[in-house]
Protein chains: 2
Amino acid sequence: MHDKICESVDHQKRVQQALLSMPCEDDINLMGYRFKALSEPSRLKILFALEGGELCVEHITEAVGGNQSAVSHQLKTLKDNRIIKSRRSGKNILYSISDNHVLIMLKMAKEHLNCNE
Amino acid sequence: MHDKICESVDHQKRVQQALLSMPCEDDINLMGYRFKALSEPSRLKILFALEGGELCVEHITEAVGGNQSAVSHQLKTLKDNRIIKSRRSGKNILYSISDNHVLIMLKMAKEHLNCNE
DNA sequence: TTATCATATGAATAACCGTTCATATAAAAG
DNA sequence: CTTTTATATGAACGGTTATTCATATGATAA
């Protein structure tokens with residue numbers, strides 16, 4: 001009996017299981033891009049600003065600080081990753097959080113801060 | 001009446017609201033680091049491997065491919081960000097997902113893939 | 001149409017980060 | 001103790017990315 005690295009219960013079976021339930025490469029990459037979009041403080045600030053409802057670019061810029069061009073680039077990243085959506089209203093483009101999944105993730109992230117488990 | 005950029009409802013009030021409910025700088029940065037930890041495909045693979053339960057480093061390495069050193073570095077990043085935890089069992093260190101917040105985030109990320117909202 | 005206002009985009013630089021290779025630690029077995 | 005096995009760490013290279021500046025687009029008002 002020498003082929004076991006781990007003495008604990010059937011880990012080899014779990015490796016098989018892990019391999020079977022592993023999402024495909026493309027899905028993993030897509031999730032990675034989306035988490036990356038959420039990982040930049042400047043973009044997180046935008047999302048927390050949008051938690052209260054839709055805002056136009058100029059007001060987002062006021063709320064998060066920084067300049068308009070930077071905010072616009074960040075908005076594009078968030079939108080490309082379906083984290084926010086936009087609609088036109090007169091001269092302005094109003095941005096808002098895309099869906100509930102995003103809101104829940106933000107909530108989990110905040111709760112996780114004070115979690116001592 | 002020239003001081004309104006946005007014709008839509010009380011956006012200026014929302015800017016104030018956004019500023020008030022904005023998490024502090026440190027918390028934003030911490031959340032950023034944690035999302036960044038979740039953003040790398042190699043680390044996401046590890047987490048999906050661990051969704052089925054705890055695994056030792058060697059088995060994680062088998063499940064995700066790559067070499068032991070890279071996996072060890074990734075595990076450190078995940079652990080530093082409280083996304084996973086570890087315990088010793090004989091010769092091995094067994095890693096597992098830290099808490100429910102992480103599991104829910106992974107679930108949201110997967111659901112978000114097939115979300116056409 | 002022309003001018004103006006709001007937003008978007010391209011290129012470039014600077015900072016950051018994942019992987020690799022080589023090596024270190026630390027527990028367990030002999 | 002010494003050796004072996006499992007895991008961790010440090011340094012360095014290569015690739016990625018956020019911001020800035022300048023400019024473009026595109027809707028609206030005149």
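Below, read A as the first sequence line, B as the second, and so on, with proteins coming before strands; counting in each chain starts at 1. Side chains are part of it too, since the values below use all heavy atoms of this structure and drop only hydrogens, waters and symmetry mates.
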Whole angstrom is fine here: how far is it from CZ in A:R87 over to C1' in C:dT7?
16 Å
Given side chains that start at C-beta, do those of B:N67 and B:T61 come closer than 4.5 Å, heavy atoms only?
no
Spacing of A:Y33 atom OH relative to D:dA18 atom P, expressed in whole Å:
12 Å
For A:A37 and A:I83, the nearest pair of non-hydrogen atoms, with its separation, is CB-CD1, 3.6 Å
Under-4.0 Å side-chain N/O to phosphate OP1/OP2 contact, B:N67 with C:dT20
yes
How close do A:E54 and B:R14 get, heavy atom to heavy atom, and via which atoms?
O-NH1, 3.1 Å
Could you tell me, to 10°, how much the axis swings from one end of the helix from C:dT1-D:dA30 to C:dG30-D:dC1 to the other, five pairs per end?
30°
From NZ of B:K36 over to P of C:dC16, roughly how many Å is that when rounded to an integer?
9 Å
Same apolar cluster: B:F35 and B:M22, side chain cutoff 4.5 Å
yes
Quickly work out the A:K91 NZ to D:dT25 C1' distance and round it to whole Å.
16 Å
Work out which heavy atom in A:L106 is nearest to a heavy atom in A:L47; give both atom names and the distance.
CD1-CB, 4.1 Å
Nearest whole Å is fine: how far is C:dG18 P from B:L38 CG?
12 Å
Side chains of B:S89 and B:R87 in contact at under 4.5 Å (non-hydrogen atoms):
yes
Quick check: is A:M105 connected to A:L103 through a chain of hydrophobic side chains (ILVMFWY, heavy atoms under 4.5 Å apart)?
yes
Tell me the closest heavy-atom pair linking A:L75 and A:I46, and the distance in Å.
CD2-CG2, 4.0 Å
Calculate the interatomic distance between B:I60 atom CD1 and D:dT7 atom P; express it in whole Å.
8 Å
Rounding to an integer number of Å, can you tell me how far B:F35 CZ sits from D:dT17 C1'?
19 Å
When you check the side-chain N and O atoms of B:K85 and B:S96, is any donor under 3.5 Å from an acceptor?
no
OP1 or OP2 of D:dT17 less than 4.0 angstrom from a side-chain nitrogen or oxygen of A:Q74, does that happen here?
no
Is the shortest side-chain N/O distance from B:R88 to OP1 or OP2 of C:dA28 below 4.0 Å?
no
Among C:dG18, C:dA29, C:dT7, which nucleotide has an atom closest to any side-chain atom of B:E40?
C:dG18
For the side chain of A:Y95, counting heavy atoms from C-beta on, which of D:dT5, D:dT7, C:dT7 is nearest?
C:dT7
Looking only at D:dT19, C:dT19, C:dC5, the nucleotide nearest the A:S42 side chain is D:dT19
Set out, line by line, the N/O atom pairs under 3.5 Å between protein and nucleotides 2-4 of chain C.
none

What residue among B:H112, B:K110, B:E111 forms side chain to side chain donor-acceptor pair (under 3.5 Å) with A:H101?
B:E111
Determine the minimum heavy-atom distance between A:S86 and A:I93, stating which atoms define it.
CB-CG2, 3.7 Å
Which atom names give the shortest non-hydrogen contact between B:C115 and A:R82, and what distance separates them?
O-NH1, 3.1 Å
Could you tell me how far apart A:L75 (CG) and D:dA18 (P) are, to the nearest whole angstrom?
13 Å
Letter by letter from the 5' end, nucleotides 9-14 of chain D scores (B base, S sugar-phosphate only, - none; protein heavy atoms under 4.0 Å) BB----
